[in-house]
Amino acid sequence: MNNQTERTLVLIKPDAVQRGLVGDIISRLESRGLKISGLKIIKIERTIAEQHYRIHQNRPFFPKLVDFITSSPVVAIVFQGRNAVEVTRNTMGQTNPSEATPGTIRGDFAIDIGRNLIHGSDSIKTAGEEILIFFTANELLDYEVSTDPWITEP
Ligand code: IDP
Ligand code: MG
């Protein structure tokens, strides 16, 4: 992985899995130019969810957030590419889907902050921590594809 490449954690949340939006969400991030480094479908355990969302542990919505994210399977993905953290965040759209710009995932498919379809790490530091919660090193691949120089200027 060259030093301009970042990795970020995406969780396609239970609402998106139940609504059949997994393919569309992956497709938007993939066609943006991000590469899948790791991917799996999992049912998140409560202790893992509490760890992942620990920054929000004192917020009133925390119990419902943990209930929701553990209620049904999620698709966990590590996306890799230049500015992967920022690119993923702006492809997702604002946290509250009612404020998210049309053209973003949340802006096109959601209306409720408690059903906003996707998680993406909010900084490079957070991404590093979150990836470790969901993936082991040998589950993450770094590989080249022939389109690399057509997506990212070397
Ligand atoms: P993010 O997912 O855009 O990074 P955060 O502020 O990190 O947003 O919040 C984590 C998740 O907690 C959100 O995606 C959303 O599902 C939920 N959440 C955040 N704020 C609220 C709220 O005010 N009410 C209900 N749920 C919320
Ligand atoms: Mg967040």
Side-chain angles (χ1 to χ4, degrees), residues 1 4-137 139-140 142 151-152:
M1 210 166 79
Q4 288 187 303
T5 305
E6 293 174 10
R7 280 177 171 167
T8 192
L9 179 78
V10 165
L11 299 176
I12 302 181
K13 294 182 178 182
D15 49 345
V17 175
Q18 291 286 338
R19 291 174 57 195
L21 295 172
V22 172
D24 199 306
I25 290 170
I26 292 175
S27 183
R28 283 170 182 235
L29 292 163
E30 193 180 32
S31 51
R32 187 93 197 256
L34 296 174
K35 204 184 288 179
I36 295 171
S37 174
L39 184 152
K40 54 184 159 186
I41 185 160
I42 51 170
K43 188 132 184 295
I44 301 182
E45 288 178 19
R46 207 166 174 89
T47 51
I48 301 292
E50 287 167 352
Q51 187 187 354
H52 171 70
Y53 279 128
R54 66 193 179 283
I55 194 171
H56 300 301
Q57 63 188 350
N58 295 321
R59 305 275 207 95
F61 60 81
F62 182 74
K64 279 172 77 174
L65 176 60
V66 172
D67 286 347
F68 167 62
I69 204 76
T70 57
S71 65
S72 177
V74 308
V75 176
I77 309 172
V78 173
F79 276 104
Q80 178 176 317
R82 193 166 295 175
N83 301 315
V85 172
E86 183 185 8
V87 164
T88 298
R89 292 286 297 187
N90 62 35
T91 305
M92 289 161 50
Q94 293 284 326
T95 301
N96 187 345
S98 62
E99 294 164 8
T101 310
T104 65
I105 291 164
R106 288 165 168 168
D108 284 350
F109 296 127
I111 50 174
D112 183 340
I113 195 166
R115 298 286 184 271
N116 65 2
L117 303 174
I118 178 169
H119 167 84
S121 308
D122 64 7
S123 70
I124 296 172
K125 178 174 176 290
T126 313
E129 295 168 3
E130 291 180 350
I131 288 167
L132 283 176
I133 297 175
F134 292 96
F135 289 89
T136 59
E139 290 175 321
L140 300 176
D142 182 24
I151 290 169
T152 307

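When a ligand or atom number is given, it counts from 1 through the structure's own listing order. Fair warning: this is a prediction, and the values are worked out from it, not measured in the lab.
With Arg115, Met92, Arg106, Arg89 as candidates, the residue nearest to atom 2 (O) of ligand 1 on a non-hydrogen basis is Arg106. Summarising the contacts of atom 14 (O) of ligand 1 with Asn116, Thr126, Val66, the nearest heavy atom is found in Asn116.
Residue-to-ligand polar distances place Ile113 within reach of ligand 1: an N/O pair is separated by less than 3.5 Å. Considering backbone and side-chain N/O of Thr95, one or more are found under 3.5 Å from N/O of ligand 1.
In this structure, Gly81 and Leu34 approach most closely via the heavy-atom pair CA-CD2, 4.0 Å. The shortest non-hydrogen separation linking Arg7 to Ala127 is O-CB, 3.4 Å. Looking at every heavy atom in both residues, Val85 comes nearest to Glu6 through N-OE1, 3.1 Å. In terms of heavy atoms, Lys40 sits closest to Phe134 at NZ-O, 2.6 Å.
Ser121 places no side-chain N or O within donor-acceptor distance of the main-chain N or O of Thr126, the cut-off being under 3.5 Å.
For atom 22 (C) of ligand 1, the closest non-hydrogen atom on the protein side is Phe61 CD2, 3.5 Å. Looking from atom 10 (C) of ligand 1 to the surrounding protein, the closest heavy atom is His56 NE2, 3.5 Å.
Within the structure, the closest approach of Lys13 to ligand 1 falls below 4.0 Å when heavy atoms are considered. Contact annotation: Asp122 has no heavy atom less than 4.0 Å from any atom of ligand 1.
In this model, a donor atom of one side chain and an acceptor atom of the other lie less than 3.5 Å apart for Thr91 and Arg32.
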